[in-house]
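Quantities reported herein were computed from a predicted structural model and do not represent experimental measurements. Every chain is numbered from 1 and lettered A, B, ... according to where its sequence line falls, protein lines coming before strand lines.
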Amino acid sequence: MSRYSAAEIEAKWQSAWDEAGIFRAERSRDKPKYYVLEMFPYPSGRIHMGHVRNYTMGDVIARYRLATGHSVLHPMGWDAFGMPAENAAMASGGHPKDWTYGNIADMRGQMKPLGLSIDWSREFATCDPEYYGQQQALFLDFLEKGLVYRKNAVVNWDPVDMTVLANEQVIDGKGWRSGAEVEKRELTQWFFKISDFSEELLEALDGLENWPAKVRLMQENWIGKSRGIEIPFERTDAGAPLVCYSTRPDTMRGASFIAISPEHPVSRELAQDNPELEAFIAETRKMDTTEAAMEKAEKKGIDTGITVRHPVWPERELPVWVGNFVLMDYGTGAVFGCPAHDQRDLDFARKYGLEVRNAFYLPGQEKDVETEALVPAKTETVIYIDHFAGIGEATSQEGIDATIDWFEAKGLGTGQVKYRLRDWGLSRQRYWGCPIPVVHCDTCGVVPEKKENLPVELPYDEGGTPIDFSIPGNPLDRHPTWRDCKCPSCGADARRETDTMDTFVDSSWYFARFTAPDAQTPTRMEDAEYWMNVDQYIGGIEHAILHLLYSRFFARAMHICGHLPEKAIEPFDALFTQGMVTHEIYRTKDDKGRPVYHLPEDVTDGKLADGTPVQIIPSAKMSKSKKNVVDPVNIIDAFGADTARWFVLSDSPPERDVEWTAAGAEAANKFLGRVWRKAHELAERRDAGVVDLDRSLQEIMDAYELGVNQYDDELMRALHKTIDEVTKGVESFGFNAAIARIYGFFNQLSKTQASASTQWRSMRVLAQLMSPMTPHLAEEVWSMLGGEGLVVDTPWPVADEAMLADDSVTLPIQVNGKRRAEISVPKDMDKAEVEKRALAHEAVARSLDGAQPKKVIVVPGRIVNVVV
RNA sequence: GCCCGCGUGGUGGAAUGGUAGACACAGGAGACUUAAAAUCUCCAGGCCGAAAGGCCGUGCCGGUUCGAGUCCGGCCGCGGGUACCA
């Protein structure tokens with residue numbers, strides 16, 4: 001071989017690793033364990049650059065930990081249930097199971113060439129009955145412990161297709177296939193009691209020191225703890241008081257109306273003999289169920305005609321409205337409207353001619369609210385207007401606290417801590433998911449299936465013919481025989497639950513299953529005890545809230561049921577959230593002005609082959625419909641896996657989005673070629689007898705003494721700095737910085753006049769440093785240069801502290817914050833002497849132009865700033 | 001709407017509050033070559049200047065600081081999440 005050939009090298013070293021069984025995770029007594037996990041993929045059929053990026057990062061960590069003497073668990077599996085499989089079956093007539101397993105085989109085939117250090121013996125898919133059967137066992141345990149319950153909840157209903165729609169399937173309030181106006185429908189569904197853990201999940205966030213602060217903050221806000229008060233408002237008619245919840249009771253004086261949810265019992269009751277109200281409630285039922293849609297929708301209301309008395313000033317009667325913006329799920333489903341201090345209430349009041357009355361002013365700005373509500377932060381000071389608790393100037397927080405205390409003392413209200421977090425509805429009216437293992441019996445009601453009857457398996461066909469997915473609705477519902485079963489309790493004829501579980505359930509415990517994928521129970525305690533927790537979890541920021549919060553809940557619930565040790569209730573010790581891989585979009589318009597997308601290979605210099613100019617939209621998330629997906633398989637075929645790996649790690653910091661460019665991949669390949677050639681050249685010189693091979697590398701490194709030769713000294717110092725920086729880079733996800741340092745060092749190595757022996761040593765260390773990122777090339781270089789065994793098995797190099805320190809430093813000198821000169825001084829020179837030398841500098845003197853410095857700031861080893 | 005991020009040369013990006021633009025791409029000049037490819041060397045934020053050097057510059061406006069890309073406040077733009085996409 002006379003030039004770098006990734007194809008030859010990569011196949012060779014992958015078989016070498018396989019033969020050595022290096023990536024099989026084994027419990028070890030004398031090594032520390034390390035569990036590194038990347039969020040497992042949905043088997044869409046093709047891997048994309050985002051996968052390559054995600055798994056390469058995990059692989060760098062896993063290989064680094066192997067080199068630092070850890071027993072490493074690095075598994076892979078498939079998040080295999082979900083809607084795309086059913087959609088594919090609807091579109092092209094296949095079966096979700098065949099589609100999914102076919103995709104898994106394809107994707108595994110695309111991932112294997114990447115040379116990831118994965119223990120493939122632990123692989124599973126969540127649609128394997130062995131996996132979801134254990135999930136059903138978990139469900140039954142949760143049921144027994146009261147962690148699951150049933151209640152009514154609202155779903156999107158497509159009245160034409162007669163099917164439940166996911167939020168994603170509702171477009172502008174219409175069903176995505178039928179185009180029919182979507183309605184809301186109430187169904188009895190299963191819920192996990194995650195809300196019981198609100199406080200715990202919130203408090204434990206503080207302990208997650210190795211999670212990004214932004215993720216913890218997002219979870220904190222999602223859980224949404226607030227202190228407020230429930231206040232009953234007496235009705236002027238005979239009805240029971242309306243209880244409102246407020247987190248800003250200090251604005252009570254400004255209360256001018258009550259708004260209740262359309263779902264509120266009072267709304268429903270009044271609607272019975274008020275057709276106008278009934279129509280209004282029906283109208284609000286057509287809205288999307290998403291929070292975003294509700295918040296953005298026009299705020300509308302209708303006056304119920306009933307009134308309540310203000311609890312502090314009973315002579316004031318407030319009208320009660322039904323408002324489409326009031327959520328039944330949060331608080332009490334009733335709020336008091338205070339237009340002066342809430343923009344939404346103000347808009348509502350202006351629209352319907354309701355009173356606007358200030359409860360406080362800002363100091364020095366004693367004017368009434370007109371078009372913009374006055375909403376102070378809780379720490380901001382305001383001046384209350386005839387506040388009943390007798391406070392005047394105070395912060396909002398003090399106002400809130402005083403109000404709650406006053407109401408409680410008078411027996412007019414109750415202070416309450418509430419959370420925004422709602423229970424997790426897990427029922428899905430779909431086929432391709434884990435069946436909920438319960439049975440409905442006419443005499444016994446809802447009965448859990450017996451554990452020995454698990455798994456409750458999905459039927460593949462219906463009466464001998466494969467299930468037809470072109471018929472809308474849930475195939476489990478209409479299946480001729482699957483529903484029929486015996487009641488586990490009384491033995492009478494009964495019906496299976498036909499709802500399946502949310503796919504978030506599948507991904508809420510897979511990390512625990514990886515510790516013992518063959519166990520006959522959900523986990524095996526001794527394995528969970530050994531491998532948990534996940535030391536480093538890596539995945540997309542889009543999972544910052546739901547997946548990660550659900551997993552934290554699941555780990556707690558599994559601990560309660562005896563499936564995880566207590567230390568695992570926070571299952572992910574460290575979390576890293578990576579950015580997306582993006583690509584330009586190329587767009588033209590057809591004659592009706594509709595967008596038409598083009599593949600990157602069809603566009604040259606911003607034009608199509610026929611010369612039509614193309615609009616280029618930068619940095620969009622890769623998606624099939626926009627035709628901007630770059631298939632990593634093409635890159636691997638053209639340049640090899642190491643090039644793809646090197647590229648996805650090199651240019652962009654891993655937490656940020658990365659733009660895919662073809663040129664970037666070529667550049668990566670070019671560099672790897674240079675490294676290969678350098679090793680090849682040194683090997684040739686070794687063969688010619690120039691290089692001494694007698695001693696091991698670490699011995700030579702340890703024995704190296706400075707001063708033999710200045711070029712050797714320079715190179716060795718640079719090498720140790722490189723070891724230090726690459727090590728730090730790998731440990732802190734600074735892969736791009738580590739790679740820049742490797743470039744820098746290699747450029748220096750290419751130009752050095754150091755001895756062949758020193759170059760040879762440096763090159764071997766460089767192979768070690770590159771091995772987590774480009775493992776195949778590293779093995780090749782290692783072996784060319786006579787390294788013993790496999791580099792993947794070789795201990796990580798350690799930088800010598802003594803080689804890191806420089807004797808002198810270059811200090812920039814600023815005059816009034818602008819750089820004017822620099823001086824080179826011994827590292828430990830004292831401040832006064834540095835100051836003297838700085839002021840003596842000719843450029844500084846010129847800059848001062850005779851002026852006397854007022855102050856000179858010397859930051860040792862950093863900078864000098866002369867202030868005039 | 002709400003919550004959380006991000007914004008730096010032609011491009012990707014670097015920079016514990018301390019020399020803004022490391023490293024790389026694209027570009028320019030040169031070497032090698034009959035030529036091209038490949039490879040190698042050098043140049044390169046903008047403006048002014050022959051040069052020395054000067055001025056400007058990290059989305060916009062303001063603040064803190066001897067010193068701000070970095071910290072604080074207010075905007076603008078883009079992205080993620082928003083509970084049934086995974």
Check this for me: does any side-chain nitrogen of one of [X] and [Y] sit under 4.0 Å from a carboxylate oxygen of the other?
X: A:Glu291; Y: A:Arg420; answer: yes
X: A:Glu298; Y: A:Lys351; answer: yes
X: A:Glu38; Y: A:Arg53; answer: no
X: A:Lys721; Y: A:Asp724; answer: no
X: A:Asp502; Y: A:Arg428; answer: yes
X: A:Arg216; Y: A:Glu220; answer: no

Residue pair A:Pro653/A:Ile739 against RNA chain B: nearer the 5' end by closest nucleotide is A:Pro653
Walking RNA chain B from its 5' end, the first of A:Glu822 and A:Arg674 to be reached, judged by nearest nucleotide, is A:Glu822
Given [options], identify the nucleotide with an atom nearest to the side chain of [X].
X: A:Ile863; options: B:U19, B:C4, B:G1; result: B:U19
X: A:Ala740; options: B:C66, B:U39, B:C23; result: B:C23
X: A:Thr810; options: B:G80, B:G1, B:U19; result: B:U19

Identify all pairs in which a protein N or O lies below 3.5 Å from an N or O of nucleotides 47-55 of chain B, and state each distance.
from	atom 1	to	atom 2	distance (Å)
B:G54	OP1	A:Arg820	NH1	3.3
B:C55	OP2	A:Arg820	NH1	3.3

Are any of [X]'s side-chain N or O atoms less than 4.0 Å away from OP1 or OP2 of [N]?
X: A:Lys670; N: B:A38; result: no
X: A:Ser652; N: B:G13; result: yes
X: A:Asn816; N: B:G67; result: no

Whole Å only: how far is the [atom1] atom of [X] from the [atom2] atom of [N]?
X: A:Gln219; N: B:U82; atom1: CD; atom2: P; result: 13 Å
X: A:Phe746; N: B:U39; atom1: CZ; atom2: P; result: 12 Å
X: A:Ile742; N: B:C23; atom1: CD1; atom2: P; result: 15 Å
X: A:Glu220; N: B:C2; atom1: CD; atom2: C1'; result: 15 Å

message = Is the shortest side-chain heavy-atom distance between A:Val825 and A:Arg837 below 4.5 Å?
response = yes
Can you confirm whether A:Tyr550 sits close enough to A:Ser507 that some side-chain heavy atom of one is under 4.5 Å from a side-chain heavy atom of the other?
no
Check: protein-nucleotides 27-32 of chain B nitrogen or oxygen pairs below 3.5 Å:
none

What contact category does [X] fall into here, base, sugar-phosphate, or nothing, at under 4.0 angstrom with non-hydrogen atoms?
X: A:Lys728; value: nothing
X: A:Lys214; value: sugar-phosphate
X: A:Ile857; value: base

Next item on the list: May I ask you to verify whether the side chain of A:Arg3 and the base of B:U39 hold a donor-acceptor pair under 3.5 Å?
Entry: no
Between the side-chain atoms of A:Asn221 and the base atoms of B:C3, is any donor-acceptor pair under 3.5 Å?
no
Quick check on the 6.0 Å ring-centre criterion: do [X] and [Y] meet it?
X: A:Tyr131; Y: A:Trp509; answer: yes
X: A:Phe639; Y: A:Phe647; answer: no
X: A:Trp646; Y: A:Phe671; answer: yes
X: A:Phe192; Y: A:Phe554; answer: yes
X: A:Tyr743; Y: A:Phe745; answer: no

(message) Under the criterion salt bridge (charged side-chain N to carboxylate O under 4.0 Å, His left out), I'd like the reasoning laid out for A:Glu842 against A:Arg846: C-alpha separation, chi angles, the key distance, then a yes or no.
(response) CA-CA 6 Å; A:Glu842 175 249 348; A:Arg846 184 162 12 102; 3.2 Å; yes
Do any N or O atoms of the protein come closer than 3.5 Å to N or O atoms of nucleotides 83-86 of chain B, and which pairs are they?
from	atom 1	to	atom 2	distance (Å)
B:A83	OP2	A:Glu291	N	3.0
B:A83	O2'	A:Arg422	NH2	3.4
B:A83	N6	A:Arg420	O	3.0
B:A83	N1	A:Arg422	N	2.9
B:C84	OP2	A:Arg428	NH2	2.9
B:C84	O4'	A:Arg428	NE	3.2
B:C84	O4'	A:Arg428	NH2	3.2
B:C84	O3'	A:Asn167	N	3.4
B:C84	O2'	A:Asn167	N	2.6
B:C84	O2	A:Arg430	NH2	2.2
B:C84	N4	A:Gln189	OE1	3.1
B:C84	N4	A:Ser427	O	3.4
B:C84	N4	A:Gln429	OE1	3.2
B:C85	OP2	A:Glu168	N	2.9
B:C85	O4'	A:Glu168	OE1	3.1
B:C85	O4'	A:Glu168	OE2	3.3
B:A86	OP1	A:Met83	N	3.2
B:A86	OP2	A:Thr503	OG1	3.3
B:A86	O3'	A:Asp79	OD2	2.9

Taking only the [atom1] atom of each, what is the distance from [N] to [M] in whole angstrom?
N: B:U8; M: B:C3; atom1: C1'; answer: 27 Å
N: B:G69; M: B:C60; atom1: C1'; answer: 15 Å
N: B:C75; M: B:G5; atom1: P; answer: 16 Å
N: B:G21; M: B:G54; atom1: P; answer: 15 Å
N: B:C4; M: B:G67; atom1: P; answer: 31 Å
N: B:G62; M: B:C47; atom1: P; answer: 25 Å
N: B:C71; M: B:U19; atom1: P; answer: 16 Å
N: B:A51; M: B:C43; atom1: P; answer: 16 Å

Between the protein and nucleotides 69-72 of chain B, list the N/O to N/O atom pairs that are separated by less than 3.5 angstrom.
none

From the list A:Trp78, A:Tyr537, A:Tyr510, ring-ring contact (aromatic ring centres under 6.0 Å, His included) partner of A:Phe40 resolves to A:Tyr510
A:Thr247 meets the side-chain contact (heavy atoms from CB on, under 4.5 Å) criterion, sequence neighbours left out, with A:Ser226, A:Tyr245
Its glycosidic angle compared against 90° from 0, B:G81 adopts the form anti
request  = Give a yes or no on whether A:Asp172 atom CG has more than 12 heavy-atom contacts from other residues, nucleotides or ligands under 6.0 Å away.
outcome  = no
Give a yes or no on whether A:Lys151 atom NZ has more than 12 heavy-atom contacts from other residues, nucleotides or ligands under 6.0 Å away.
-> yes
If one requires at least 3 consecutive Watson-Crick or G-U pairs with distances under 3.5 Å, the stems of RNA chain B turn out to be B:1-7 with B:76-82, B:10-12 with B:23-25, B:27-31 with B:39-43, B:45-48 with B:53-56, B:59-63 with B:71-75
Problem set entry | A:Phe348 and A:Phe325 aromatic ring geometry - parallel, tilted or perpendicular at 30°/60° bounds | perpendicular
